[in-house]
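What you see below is based on every heavy atom in this structure, not just the backbone, and it leaves out hydrogens, waters and symmetry mates. Here, residue 1 is the first one in the sequence, and each next residue gets the next number. Indexing begins at 1, ligand by ligand and atom by atom, following the structure's order.
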Amino acid sequence: MRMRFPYIYQLMLGFLLVILTLMSITSFSIIHFGRNQVINEVEETFLNYASLIEETGFDENQLNSYNQIFGNQGIEYGIFDQEGELEYPQINQDFQSNLSEQDLKTLKAGESLLLRTKPNTLRKNNRDTVSIYVPIFTKDHRYQGFIGLGRPVSYIENNMDELKGNVLKAFLISTIFAVVVSLLLSFYLVYRVNRLSKATQKVATGDYDIYISHSNRDEIDRLSADFNKMIKALKEWRSEVLHLEERRKTFMQDVAHEMRTPLTTINGLLEGLEYNVFDEEQEMRSIKIMRKETTRLIRLVNENLDYENIQSNRIVLNKHHFPLNEAMTEITEQLTPIAIESNNEIVLNEDVKNIMVYADFDRFKQIIVNLIKNSLQFTTNGMITIDAAETKESSHIIISDNGIGMSAEQMENIWDRYYKADSSRKNTKYGESGLGLPIVKQLVELHDGDIDVKSELNKGTTFIIKFPRKKLKKVEE
Ligand SMILES: Nc1ncnc2c1ncn2[C@@H]1O[C@H](COP(=O)(O)OP(=O)(O)O)[C@@H](O)[C@H]1O
Ligand SMILES: [Mg+2]
């Protein structure tokens, strides 16, 4: 994109305007001040000379001796009588001072006429002249006339020219210096802005591996810091999106895979029914199998929904304190029929009675039911023991069985979705979606808790769940 008025020109223009304005004001002031200074100086010299002349008592010899000195300095003077007629030096013609009536009156009143410019010298040469006029009085204060002193303007102009030259030089040098400095400063600023702009362009093309180094001096630094923050957020957001997409894909694949088996089974049985290949007993059995498979499909759908809801934080825990005993009694009651079926016994140890748990009651029951159901599933003619303990930080619930147990490799995988140890131990009575433990783990973690498993093949399995106590410091739990 072509820029019509790049930032660097704007900056330069700004700097230049400020510099030129400042320099002009300064130069003008210096020259004005210098001019006043020169005028004051000339005036003072003239006044000094005037009193020097007066001191001679207008003695002609003495006056003549001064002429040389005055002449050297380009000063000419004259002594005039009351009417303004020249008395000294004697010049042949009728010489008049050319002062106005008003001026003559001012002199008579005892006031000097201070520095003024005239287009000619006291001797009527056509040269621009500055001059003053000082009145003369006798000792008894009678007005006698006046002294006029003058000097060509060029003498003053020479001084002024020198001053102007110096000011101009200073003006040029400082302008060049200021321009160089502002140029450097502008380049630096533009460089920094460009760096941000390049980084932005990179991000626009999908490159998020960018960090703009910066200090903490000004707005551009702050912009850089914000830019870095923004990129970090963008990066996280992008990886989250990719992650979600990945999860969605595996989820769809897994669900499809999980549903294929029961659906194929049902389809096969329906085909058999369609062509009447079953006798009455087989027919009954296939209907039972189909019911079992559809139940399994429904559970699969429900558990998937549950899992997704927990995963995406869509469930809200309603946590409060309750006695562990209360929950355990309800659970054992609910599970006793299944225990009897598998010829197992559920034993609550004494400690269960003394412990309080801080959790969502229904979700807590869901966790424990899942674990005990698993134990019942993989144990026959055995015992499921529920134990409890507590520490300062948490309540522990320990569920042990003396069933078939798991190998180390199996233990590693039980938290993965759809994991079922091996088909030989398939027992479709209470589970088989492979989602039970992943859901349990998620629920425990949602409670900021912890779940651990210990197991040995053919000896049994123990699950230990820890629920943290309510943190008093937190305002809301
Ligand atoms: N108490 C246990 N004893 C032995 N194996 C167990 C026990 N609990 C879980 N498992 C193993 O972990 C696997 C996954 O269990 P789970 O996540 O509950 O799946 P499902 O939802 O199919 O019940 C089970 O197939 C089983 O092999
Ligand atoms: Mg299970």
Per the ring pair (Phe, Tyr, Trp, His ring centres under 6.0 Å) rule, which among Tyr358, Phe361, Phe364, Phe322 passes with Phe467? Phe364

Salt bridge or not between Lys202 and Asp209? Use side-chain N to carboxylate O under 4.0 Å. no

Among Ile372, Asn370, Asn374, closest by heavy atom to atom 9 (C) of ligand 1 is Asn374

Within-shell test, Gly405 vs ligand 1, heavy atom, strictly < 4.0 Å: yes

I want to know if ligand 1 touches Gly436 in the polar sense, i.e. an N/O pair below 3.5 angstrom. yes

Numbering as shown, the atoms of ligand 1 that approach Pro438 to under 4.0 Å (heavy-atom distance): 17 (O)

Going by distance only, is there an N or O of Met406 that falls short of 3.5 Å from an N or O of ligand 1? no

Between Phe378 and ligand 1, does any nitrogen or oxygen pair lie at a separation below 3.5 Å? no

Check each heavy atom of Leu435 against ligand 1 and say whether those closer than 4.0 Å belong to the side chain, the backbone, both or neither. backbone

Consider ligand 1: state whether an atom of it lies below 4.0 angstrom from any non-hydrogen atom of Gly460. no

Run the side-chain hydrogen bond (donor to acceptor under 3.5 Å, both in side chains) check on Ser342 and Asn344 step by step: do they pass? CA-CA 6 Å; Ser342 53; Asn344 287 314; 2.9 Å; yes

Give the atoms of ligand 1, by number and element, whose distance to some non-hydrogen atom of Ser375 is under 4.0 Å. 1 (N)

Does the distance from a Lys or Arg side-chain N to an Asp or Glu carboxylate O, for Glu293 and Arg296, drop under 4.0 Å? yes

The Mg ion (ligand 2) and Asn374: any N/O/S contact shorter than 2.8 Å? yes

At under 4.0 Å between heavy atoms, which part of Asp401 makes contact with ligand 1: side chain, backbone, both or neither? side chain

Taken to the nearest 0.5 Å, the spacing of Ile231 CD1 from Glu236 CD works out to 11.5 Å

What residue pairs, at least two apart or across chains, pass side chain to side chain donor-acceptor pair (under 3.5 Å) with a residue in residues 174-193? Tyr188-Arg217, Arg192-Asp218, Arg192-Asp221

Can any side-chain N or O of Glu308 pair as donor or acceptor with the backbone N or O of Leu305 at less than 3.5 Å? no

Compute the shortest N/O to N/O distance between Leu437 and ligand 1 and return yes if it is under 3.5 Å, no if not. yes

Any chance the side chains of Asp306 and Gln366 put a donor and an acceptor closer than 3.5 Å? yes

